Student: 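My structure is below; once you've seen it, I'll send some questions.
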Amino acid sequence: MGSQGHPGPPGNGGPGEGEGGEARKLQEGRVARGKRRKGKGKAGAGKGGRGSGAEGKPGLQKAKETAGLGAEAGARAGPGEEGEGGGSVEEGARGFVRGDEGSAGEGKEARGRGDGKKAEWRVRPGRREDARPGRAQGRGSQAWGCIAGAGAAGVAMAAAAEEEEEEEEEEAAAREPAGRPAAGPALLRLPEELLLLICSYLDMRALGRLAQVCRWLRRFTSCDLLWRRIARASLNSGFTRLGTDLMASVPVKERVKVSQNWRLGRCREGILLKWRCSQMPWMQLEGDSLYISQANFILAYQFRPDGASLNRRPLGVFAGHDEDVCHFVLANSHIISAGGDGKIGVHKIHSTFTVKYSAHEQEVNCVDCRGGIIVSGSRDRTAKVWPLASGRLGQCLHTIQTEDRVWSIAISPVLGSFVTGTACCGHFSPLRIWDLNSGQLMTHLGSDFPPGAGVLDVMYESPSTLLSCGYDTYVRYWDLRASVRKCVMEWEEPHDSTLYCLQTDGNHLLATGSSYYGVVRLWDRRQRACLHAFPLTSTPLSSPVYCLRFTTKHLYAALSYNLHVLDFQSP
């Protein structure tokens, strides 16, 4: 064919044979515009031109556009709208369709603007949709133009454009928030209050399977209200026995997931700190900080975001004792420490303020502080009450003769009394409760302690319940409302090892530290037997666990040479 062919007959509307290159460029531009408009094609040049073939290229180009739009031009052109060449646009489109019937298929006729348009149905794999008039006309014009100008190559380009459009629509749908399905099982059409009530009877596994149905159910079953009941029955999920949420900022569902690792004993062991000489460290947690005693110092470290490692450089160092720090507590932005030199130190956490005063004649083994009151217990067989007020530091309010060495002490949450745990070397119970205001003995707990069954750790869980452990290898749970003569529940260390320390989540979980091989044991208080045991040292480095602390994700154990961590979040 020559590069310049003769224009087609007037009114035919189709491009001549010699205009193939120009028509191809025209159709490629139209396909690009169709991509940008995402199928919302606009019929801009479908009205037909009034210039004949003799008038030059402007009239010819309008005739080409008219033929390229195909069915759209036929739909928009009325029965009497003709070009100057004598043929109507509708007749030209029909002639074009009849000439290319084998490749382009059947064309649709539009008999006028007022007669209406018939919807086209397009069926694709996995998708069927009713083509809207604007979108159908846009895609139809692209397809007809590609066939007229470029043949099979144009068809391929149009198909690629449609596939790209579908992918963009799917991505947009994925970015949109999951709404409630408009159709589906009757369960999904229930009011949300009723659906919450139904789901509240499901267990953890059933809720997890329900969340896999669709995105809306996944979001619906993740609400804290559904998981709160399950979390209260789980181990170390942040809920106390009374239902108080200690970690309201963490989603309950995530805590239940980690709780399963505690129940199954799945964790990853690591070492946070090491020191060269043997020590008896004590530690406390405060937010994202860890406070630990090393010799006669107390060091503060900051946790990294994972909670399983520390920044090696301490945030602060608190000194003042001449001998090792035996015990300390955090209260009212203060650190109250008890030292082997018989002194009590008061340090402000965020400043260099430190006061040290002589409290006992021998080493101070234990100390506690609540509500501006400090109580201390010593090897000199006395317990003393002190005020925390800055103007009265060092003024003893009460001195209590315990007639036995005091190993542990704890103040009641209601600030009316405190309990002492002694060495049990006399003919009286090692657990006794004293009035905080007068210093008088209120009662003693238990009546069947063997001699030497000293209490090394004691803690209040509520104003009427407390836990104790010590040399007799038992953890005992006391309820003052039921009986003061006998404990409500007890758990025995299976290897007859002394229990140096204990910790509780306030609900079902207990953790204890043994005297041999650094064994940390987890207990479910609803069972008698030990749940899991973690030996943290071997025979050459056998050490007691002097102190235990844990969060919902990690457990920290202080031994003679190392500070260990058990990571239950990333086992």
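This structure is a prediction, so every number in the text was calculated from the model and none was measured.
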Student: Evaluate the side-chain contact (heavy atoms from CB on, under 4.5 Å) criterion for residues L226 and L196: first the C-alpha distance (whole Å), next the side-chain angles of each, then the deciding distance (0.1 Å), finally the verdict.
Tutor: CA-CA 7 Å; L226 287 177; L196 275 173; 3.8 Å; yes
Student: Test S468 against every option in Y477, W478, Y474 by the side chain to side chain donor-acceptor pair (under 3.5 Å) rule and name the one that passes.
Tutor: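 With S468 as partner, side chain to side chain donor-acceptor pair (under 3.5 Å) holds for just one option, W478.
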Student: Could you tell me which non-hydrogen atom of R432 sits nearest to which non-hydrogen atom of T422, and how far apart they are?
Tutor: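 Minimum heavy-atom separation between R432 and T422: NH2-CG2, 4.0 Å.
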Student: Could you give me the CA-CA distance, side-chain angles and deciding distance for W227 and M204, then say whether side-chain contact (heavy atoms from CB on, under 4.5 Å) is met?
Tutor: CA-CA 8 Å; W227 291 91; M204 178 177 55; 3.6 Å; yes
Student: Specify the closest pair of heavy atoms between V406 and C366, including all atoms of both residues, with the distance to one decimal.
Tutor: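 Looks like CG1-SG, 3.8 Å.
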Student: Determine whether a donor-acceptor pair (N or O, by modelled atom type, separation under 3.5 Å) exists between the side chain of W282 and the backbone of V329.
Tutor: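 Side chain of W282 to backbone of V329: no pair is present.
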Student: Report yes if the side chains of L499 and D457 come closer than 4.5 Å at any heavy-atom pair, otherwise no.
Tutor: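 Answer no - side chains too far apart.
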Student: Under the 3.5 angstrom rule, does the side chain of R528 hit a backbone N or O of E490 as a donor-acceptor pair?
Tutor: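 Between the backbone of E490 and the side chain of R528 there is a qualifying donor-acceptor contact (under 3.5 Å).
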Student: Is there side-chain contact between I335 and I349, with at least one heavy-atom pair below 4.5 Å?
Tutor: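 A side-chain contact exists here, since the closest heavy-atom pair is under 4.5 Å.
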Student: Parallel, tilted or perpendicular: which one describes the rings of F318 and Y291, with boundaries at 30° and 60°?
Tutor: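 Taking Y291 first and then F318, their aromatic rings sit tilted (interplane angle of 30° to 60°).
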Student: Could you walk me through whether V419 and L431 pass side-chain contact (heavy atoms from CB on, under 4.5 Å), step by step?
Tutor: CA-CA 7 Å; V419 60; L431 282 172; 4.1 Å; yes
Student: Using modelled atom types only, decide if a donor and an acceptor are shared between the side chain of D505 and the backbone of N236 within a distance under 3.5 Å.
Tutor: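 Yes: the side chain of D505 pairs with the backbone of N236.
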Student: Return the minimal non-hydrogen interatomic distance between R526 and L235, and the atom names on each side.
Tutor: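 So the two residues come closest at NH2-CD2, 4.0 Å.
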Student: Under 3.5 Å, is there a donor-acceptor pair linking the side chains of S514 and S497?
Tutor: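 Side chains of S514 and S497: no pair found under 3.5 Å.
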Student: For the backbone of F239 and the side chain of R228, can you confirm whether one donor and one acceptor N or O come within less than 3.5 Å of each other?
Tutor: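 No.
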Student: Just checking, is any N or O donor in the side chain of D524 or H508 under 3.5 Å from an acceptor N or O on the other one?
Tutor: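 On atom types as modelled, these side chains do not qualify, holding no pair under 3.5 Å.
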Student: Apply the test side-chain contact (heavy atoms from CB on, under 4.5 Å) to residues H347 and S337: give CA-CA distance (whole Å), side-chain angles for both, the deciding distance (0.1 Å), then the verdict.
Tutor: CA-CA 8 Å; H347 320 267; S337 59; 3.2 Å; yes
Student: Would you call the rings of F534 and H532 parallel, tilted or perpendicular, taking 30° and 60° as the class edges?
Tutor: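 Judged by the thresholds at 30° and 60°, the geometry between F534 and H532 is tilted.
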Student: Just by distance, do the side chain of S237 and the backbone of V256 share a donor-acceptor pair under 3.5 Å?
Tutor: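 Not a single qualifying donor-acceptor pair exists.
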Student: Please name the pair of heavy atoms, one in T402 and one in W434, separated by the smallest distance, quoted to 0.1 Å.
Tutor: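 Result for this residue pair: CG2-CZ2, 4.3 Å.
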Student: Would you indicate whether the side-chain heavy atoms of F220 and E192 approach each other to under 4.5 Å?
Tutor: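 Sidechains of F220 and E192: in contact.
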Student: Between V367 and V375, is there a side-chain heavy-atom distance shorter than 4.5 Å?
Tutor: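 The answer is no; the side chains never approach within 4.5 Å.
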Student: Do side-chain atoms of R229 reach the backbone of S200 as a donor and acceptor pair under 3.5 angstrom?
Tutor: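 Side chain of R229 to backbone of S200: a pair is present.
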Student: Could you check if a side-chain atom of Q294 sits within less than 4.5 angstrom of a side-chain atom of L273, using non-hydrogen atoms only?
Tutor: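 Of all side-chain heavy-atom pairs linking L273 with Q294, at least one is under 4.5 Å.
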Student: Is the backbone N or O of T244 less than 3.5 Å from a side-chain atom of T240, with the two atoms forming a donor-acceptor pair by type?
Tutor: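 The answer is yes, because a donor-acceptor pair under 3.5 Å joins these two groups.
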Student: Distance alone, cut at 3.5 Å: any donor-acceptor contact between the side chains of R263 and Q260?
Tutor: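 Looking only at side-chain atoms, Q260 and R263 do form a donor-acceptor pair, the distance falling under 3.5 Å.
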Student: Given ring-ring contact (aromatic ring centres under 6.0 Å, His included), test F550 with W262 step by step and report yes or no.
Tutor: CA-CA 11 Å; F550 59 73; W262 288 85; 5.7 Å; yes
Student: Could you tell me whether a side-chain N or O of D306 sits under 3.5 Å from a main-chain N or O of A308, the two making a donor and an acceptor?
Tutor: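 At least one qualifying donor-acceptor pair exists.
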Student: Any non-hydrogen side-chain atom of C547 less than 4.5 Å from a side-chain atom of R549?
Tutor: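 A side-chain contact exists here, since the closest heavy-atom pair is under 4.5 Å.
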Student: Would you check if the side chain of S259 reaches a backbone N or O of R255 as a donor-acceptor pair within less than 3.5 Å?
Tutor: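 Checking the backbone N and O of R255 against the side chain of S259, no donor-acceptor pair under 3.5 Å is found.
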